[in-house]
Amino acid sequence: MAINWFKYSSPASFYFLAGKMIPFFSIAAVILCLAGLYIGFFVAPTDFQQGEAYRIIFIHVPAAWMSMFLYVVMAMWSGIGLAFNTRLSSMVATAIAPTGAMFTFLALWTGALWGKPMWGTWWVWDARLTSELILLFLYIGFMSLQAAIDDPRRADKAGAMIALVGVVNVPIIYFSVKWWNTLHQGASVSLTQSPKMATTMLTGMLIMSLACWMYAIAMVLIRTRAVILERERHTAWVGELQGAA
Amino acid sequence: MFLWIIQRDLLLAMRRRADVLTTLFFFIIVVSLFPLGVGPEMNMLRIMAPGVVWVAALLASMLSLGRMFSGDHLDGTLEQMLISPQSLSLLVLGKALAHWLVTGVPLVLMAPVLGIQYDLPADALLVLTASLLLGTPVLSLIGAIGAALTLGLRGGGVLVSLLVLPLYIPILIFGAGAVEASTAGLGAGAHMSLLGAFLLASLVLAPWTAAVSLRISME
Amino acid sequence: MFLWIIQRDLLLAMRRRADVLTTLFFFIIVVSLFPLGVGPEMNMLRIMAPGVVWVAALLASMLSLGRMFSGDHLDGTLEQMLISPQSLSLLVLGKALAHWLVTGVPLVLMAPVLGIQYDLPADALLVLTASLLLGTPVLSLIGAIGAALTLGLRGGGVLVSLLVLPLYIPILIFGAGAVEASTAGLGAGAHMSLLGAFLLASLVLAPWTAAVSLRISME
Amino acid sequence: MPAFLASIMPTLQGSDLACVRGDRQLFKHVNFSLETGGLMQVQGPNGSGKTSLLRMLCGLATPAQGEIRWDGSEIRSLGGAYFGAMTYLGHSSGVKDDLTAIENLRISSALAGAEIDGEKAHEALQHMGLGGRELLPAKVLSQGQRRRVTLARLLVCGTVLWILDEPLTALDTTAVKLVQGVMEQHLKQGGMIVMTTHQEIEIAAVATQRLQLA
Amino acid sequence: MPAFLASIMPTLQGSDLACVRGDRQLFKHVNFSLETGGLMQVQGPNGSGKTSLLRMLCGLATPAQGEIRWDGSEIRSLGGAYFGAMTYLGHSSGVKDDLTAIENLRISSALAGAEIDGEKAHEALQHMGLGGRELLPAKVLSQGQRRRVTLARLLVCGTVLWILDEPLTALDTTAVKLVQGVMEQHLKQGGMIVMTTHQEIEIAAVATQRLQLA
Amino acid sequence: MIWTSLSDFLDMGGYGFYVWGSYLVFLICIAGEIILVSNRKRTLLKHLSLIHQSTKQEKRNETSS
Ligand code: HEM
Ligand SMILES: Nc1ncnc2c1ncn2[C@@H]1O[C@H](COP(=O)(O)OP(=O)(O)OP(=O)(O)O)[C@@H](O)[C@H]1O
Ligand SMILES: Nc1ncnc2c1ncn2[C@@H]1O[C@H](COP(=O)(O)OP(=O)(O)OP(=O)(O)O)[C@@H](O)[C@H]1O
Ligand SMILES: [Mg+2]
Ligand SMILES: [Mg+2]
């Protein structure tokens with residue numbers, strides 16, 4: 001048992017560390033969200049082109065960003081897990097997927113609800129929308145693959161393969177508006193150019209993005225803890241945890 | 001060695017000819033059903049044709065992926081392949097190629113005939129066949145990854161489609177796009193070279209990825 | 001007995017949920033792939049939509065026919081059914097109904113969502129769903145005959161499609177035609193009542209035919 | 001043994017091996033060293049982990065702990081070099097139902113890196129008592145005949161290390177004698193064998209060791 | 001024996017049986033008669049037609065010549081009545097990979113017409129030394145454990161005639177003893193067994209006969 | 001203040017359905033995820049305590065026998 005304890009020490013210490021961090025991120029998420037919504041609904045002015053419908057932007061854009069970003073992070077942790085056989089990083093990747101899938105779904109949903117008043121249709125087969133839909137398939141594929149495999153080690157590795165192969169889709173989503181001329185809006189926030197929209201809108205959007213960040217981190221930490229417990233249920237330290245509880 | 005694998009898989013396919021025929025027949029059915037569902041207007045059909053043929057090819061290829069490794073898995077041959085001194089990537093390449101010869105090539109040969117049903121002009125037929133010739137091997141190669149990852153899993157059928165489909169979509173878009181571009185008078189060159197690039201990239205990357213996946217699945 | 005068969009088949013389907021999902025997922029994939037292949041032009045898509053959805057439903061239903069009897073055949077349950085004192089036709093009706101509940105109903109429920117992707121107007125969506133609701137049970141019933149005839153044959157997959165397809169085609173034509181007629185402002189009534197007639201006829205004839213075919217196959 | 005000799009007489013060594021399947025620890029602290037001419041019989045009741053150990057030895061599974069060395073280096077790092085020196089015959093016979101005995105033998109040998117011509121394959125099958133059945137598809141062969149097709153590979157493989165998982169199942173007494181003879185011959189020529197069997201069998205070897213699992 | 005007794009003590013009789021597989025005549029003029037408490041060991045080298053004979057005996061194959069009678073009537077004509085009195089365990093273990101041991105046992109018993117509850121299945125598996133493994137999917141079981149799952153059916157089937165094709169393959173010595181005990185018990189209670197095996201085994205029976213093929 | 005009344009706020013300049021449809025689903029998703037995760041954790045802990053008790057019992061049995 002002494003050896004096991006040594007080997008599993010890193011998930012164990014992460015478990016306790018994550019437990020300490022979760023409240024911080026949760027509170028930050030709530031506060032930022034409230035602030036963002038306040039700015040979004042009560043400070044930001046009506047858009048002269050789109051009217052009030054544009055207010056969907058405050059969740060559409062953060063959700064879209066998170067969906068892509070979480071996928072990249074997931075692929076990165078999976079890759080690290082595959083290359084160095086570190087169990088914790090694979091567990092984090094496993095924990096990221098559901099949250100990422102949720103944000104992808106939200107980007108699609110809010111986009112569709114925005115598209116109806118703006119473009120006159122719920123859905124078009126344009127490059128960005130299609131590639132975002134593919135992203136949802138990739139997330140679902142990753143989760144179903146892992147769910148279908150009983151052996152966690154194999155599940156981690158197989159999931160990592162699909163995550164890494166699928167990561168090519170993310171640049172396609174991001175640059176699709178540039179590569180193909182589409183209905184969808186181009187990037188209005190970039191590091192090199194000054195922003196094109198009203199500053200209050202931009203602040204609202206950025207604050208909401210930050211809120212989503214905090215929420216995602218908190219969620220991933222909580223889920224990672226659950227995954228750790230599931231996988232390590234036979235180790236001494238989980239037993240001690242129970243003994244103490 | 002590489003040749004051995006191809007030869008063996010072809011031999012097996014000859015022995016179980018029904019499997020090969022299923023794929024081809026499925027392809028023909030899908031393509032022929034559409035005019036019935038959509039209506040007989042030739043202009044419509046001509047526009048739809050490349051998309052329909054490509055979607056049918058993609059589905060036919062996807063539905064036959066399950067057989068790529070599962071037979072060898074069940075009877076223990078796959079284990080022997082894993083411990084063969086030969087490179088596993090080469091071996092996977094051989095199997096993917098055999099899969100293509102058995103499922104892809106018949107589709108390519110059949111495509112012009114089906115294209116005629118849709119009243120495609122001769123040059124569009126040529127482009128369609130050429131795009132399938134470049135594209136179908138990519139389907140087999142990418143499919144090998146999915147098949148390797150889902151080896152022996154419950155519900156392998158859904159899973160493999162779920163995993164492989166997102167990766168197939170670019171090929172579909174550019175394959176059908178090539179024909180459309182050529183009929184629109186834009187020239188299929190750009191699309192074809194993209195397909196060629198996909199083929200090269202997947203020839204290099206897919207066998208290796210599938211080999212790694214196989215090792216993961218067999219552990 | 002009738003209810004018992006349905007209940008048992010549904011239970012089995014729940015256990016192997018992957019099979020049910022395969023059918024549904026296949027349907028969704030086929031429908032979603034077309035716009036990618038054909039191009040994003042909404043006018044085109046709107047015209048194609050009923051045909052595409054109907055062909056996809058037909059294929060999905062056909063691909064799952066193999067499972068209707070083969071599981072019970074392999075594990076000997078079918079033999080037990082043949083020697084059961086209950087009417088075999090009723091039993092076949094039960095199995096066809098279970099097949100429809102497992103493969104047809106999900107398709108019907110999914111169809112409106114997919115129709116929206118093709119930008120179909122609300123009334124066309126309604127007609128599409130209604131035509132599927134009337135048509136898919138006919139597919140299961142006719143399919144039962146084909147499945148019974150090809151039971152345990154080599155290359156059953158090809159055979160079943162060959163046998164069943166010609167019988168499916170009228171349903172495809174009238175099903176897709178209903179939607180087209182309604183969008184063209186002609187009213188879908190005539191098509192729908194034809195579909196209804198097909199349903200009634202196959203409800204009466206198909207179970208009996210399939211039961212006879214089963215006895216022939218199991219001799 | 002001095003280091004330079006090791007490369008001439010390869011050894012297979014396992015040190016502190018452990019195996020975990022699911023939630024269950026099958027064995028741990030397993031050590032052995034097998035040298036030229038040596039036979040190792042792995043023994044233990046059903047489910048004790050014999051097959052699992054053998055799969056580790058041929059690199060199909062990774063030990064939960066410990067390492068396996070061939071000729072001084074970890075087998076994973078050797079890759080093809082190790083696989084080229086080893087033949088593994090597992091529970092499932094790896095015989096394709098639709099191919100004939102001779103096709104099965106030629107193809108499985110080619111896969112293992114030893115291509116043989118029809119003549120040689122024919123001879124090997126004849127030796128295994130399959131004369132006259134070479135051209136039947138494997139699916140009509142009897143259980144024991146299928147097993148013989150698998151075992152015929154031993155006659156043509158030319159590798160040093162044989163890893164055999166219950167090679168004697170389904171064989172009749174004549175065939176058991178035959179295989180026993182083949183193994184003894186191999187050991188006499190400096191080969192090495194790791195095997196499991198639930199049947200009583202005496203094989204003459206320079207050094208026989210028994211590894212008992214749980 | 002007077003005819004009226006036959007219905008109380010069923011006998012299995014084969015008369016002038018012949019088997020042709022492909023263009024090969026495996027055996028002909030095979031005669032036997034098996035009565036209550038009797039054990040018949042079918043012997044012969046690989047490919048001599050033991051499995052073929054056993055498949056005939058349970059109605060899965062038709063003899064090229066001769067007939068098989070149960071209780072005086074041809075087994076084909078008996079149909080379900082015969083199947084209900086017989087249990088056949090063949091080479092391939094008939095264990096579904098995705099089901100657990102307990103599900104496998106319950107389903108295969110139910111198919112054979114003897115539905116059993118979880119309790120009883122559990123007990124039978126326990127008896128076969130699979131305690132604690134009942135809930136694992138069969139694909140992770142070892143070869144011997146799979147075989148034990150198959151054999152567990154013997155404990156719950158309640159049929160008179162057992163037809164066993166190499167029941168002892170892959171079993172360890174403990175399990176062989178166990179199965180031997182089960183068979184002896186069955187014979188003592190008036191059951192009948194037809195079996196093949198290449199292993200040496202002594203089973204105590206009222207009447208043991210050996211049928212030698214080719 | 002942009003909004004003159006609550007109904008004005010809810011109407012969102014005629015786009016109420018789209019805007020509130022988005023935000024509502026957003027909320028439902030997040031709430032759902034939180035509920036799912038906490039459920040998972042709760043059942044897990046229950047399960048773990050069961051395992052813990054049974055192993056304890058086994059150990060006690062071993063030492064006593
Ligand atoms: C289902 C439909 C939609 C999907 C899948 C979708 C997807 C995305 C994605 C992935 C992004 C982030 C990419 C980036 O940062 O450049 C994004 C950003 C954005 N989307 Fe959408 N979108 C959809 C519909 C819409 C509609 C209908 C509108 C408005 C008419 C819209 C307006 C925007 C805007 C303004 C941005 C921010 C771009 C930026 O500032 O960088 N989207 N969308
Ligand atoms: N996922 C799992 N959970 C629990 N136990 C498992 C799991 N997978 C495998 N096992 C156990 O691991 C063991 C595998 O044994 P292995 O096949 O190596 O046995 P063996 O010694 O070769 O037996 P046999 O003599 O029957 O061939 C079995 O006892 C099996 O029950
Ligand atoms: N189509 C065929 N043509 C020629 N021979 C055939 C054909 N089908 C089967 N055989 C032969 O019939 C025999 C079948 O034997 P069977 O399986 O009954 O043997 P067995 O006694 O059970 O052997 P084992 O001990 O190996 O299990 C084999 O010798 C096989 O080669
Ligand atoms: Mg074993
Ligand atoms: Mg036999």
Side-chain angles (χ1 to χ4, degrees), chain A residues 67-68 71 75 78-79 81-83 85 90 97 100-101 104 108 125-173 175-176 179-180 182, chain B residues 51 55 62 65 69 73 89 92 138 141-174 176-177 180-181 190-191 194 197-198 201-202 204-219:
Chain A
S67 70
M68 294 188 292
Y71 193 92
S78 308
L82 190 64
N85 210 3
S90 300
T104 315
L108 287 167
W125 291 95
D126 110 315
R128 169 161 285 178
L129 273 57
T130 307
S131 48
E132 183 78 7
L133 185 64
I134 294 176
L135 187 69
L136 182 64
F137 283 154
L138 285 172
Y139 272 120
I140 295 177
F142 178 88
M143 290 189 291
S144 342
L145 184 63
Q146 291 211 321
I149 303 176
D150 296 325
D151 176 16
R153 269 203 306 182
R154 179 181 164 192
D156 283 345
K157 291 180 181 170
M161 293 306 291
I162 207 67
L164 288 173
V165 171
V167 88
V168 292
N169 187 44
V170 173
I172 294 180
I173 302 178
F175 293 113
S176 55
W179 292 345
W180 294 278
T182 63
Chain B
V55 169
M62 195 174 74
L65 279 182
F69 296 116
H73 178 50
S89 307
V92 171
V138 187
L141 283 164
I142 294 181
I145 304 175
L149 281 176
T150 55
L151 201 61
L153 293 186
R154 276 177 274 125
V158 205
L159 264 180
V160 87
S161 5
L162 205 60
L163 295 182
V164 151
L165 203 84
L167 307 173
Y168 275 5
I169 287 176
I171 303 156
L172 170 67
I173 292 177
F174 291 107
E180 276 153 24
H191 288 92
L194 256 173
F198 284 148
S202 57
V204 176
L205 296 178
W208 181 80
T209 317
V212 175
S213 311
L214 264 188
R215 287 209 190 277
I216 291 172
S217 292
M218 292 291 292
E219 210 147 76

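The chains referred to below are lettered A, B, ... by the order of the sequence lines, with proteins before strands, and numbering in each begins at 1.
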| What distance separates A:F137 CZ from B:L163 CG, expressed to the nearest 0.5 Å? | 12.0 Å
| Roughly how far, to the nearest 0.5 Å, is CD1 of B:I169 from OG of A:S131? | 10.0 Å
Looking at every non-hydrogen atom in both residues, tell me the closest pair between [X] and [Y] and how far apart they are.
X	Y	result
B:T209	A:M161	CG2-CE, 3.1 Å
B:I216	A:A158	CG2-N, 3.8 Å
A:G141	B:L162	CA-CD2, 3.7 Å
A:L138	B:P166	CD2-CB, 3.9 Å

| query | Between A:L145 and B:L153, is any pair of side-chain heavy atoms under 4.5 Å apart? | reply | yes
| query | A:L82 versus chain B, heavy atoms under 4.5 Å apart: side chain, backbone, both or neither? | reply | side chain
| query | Where on B:L149 is there a heavy atom nearer than 4.5 Å to chain A: the side chain, the backbone, both, or neither? | reply | both
| note | Of A:K157, A:R154, A:R153, the largest count of non-hydrogen pairs under 4.5 angstrom with chain B goes to A:R154
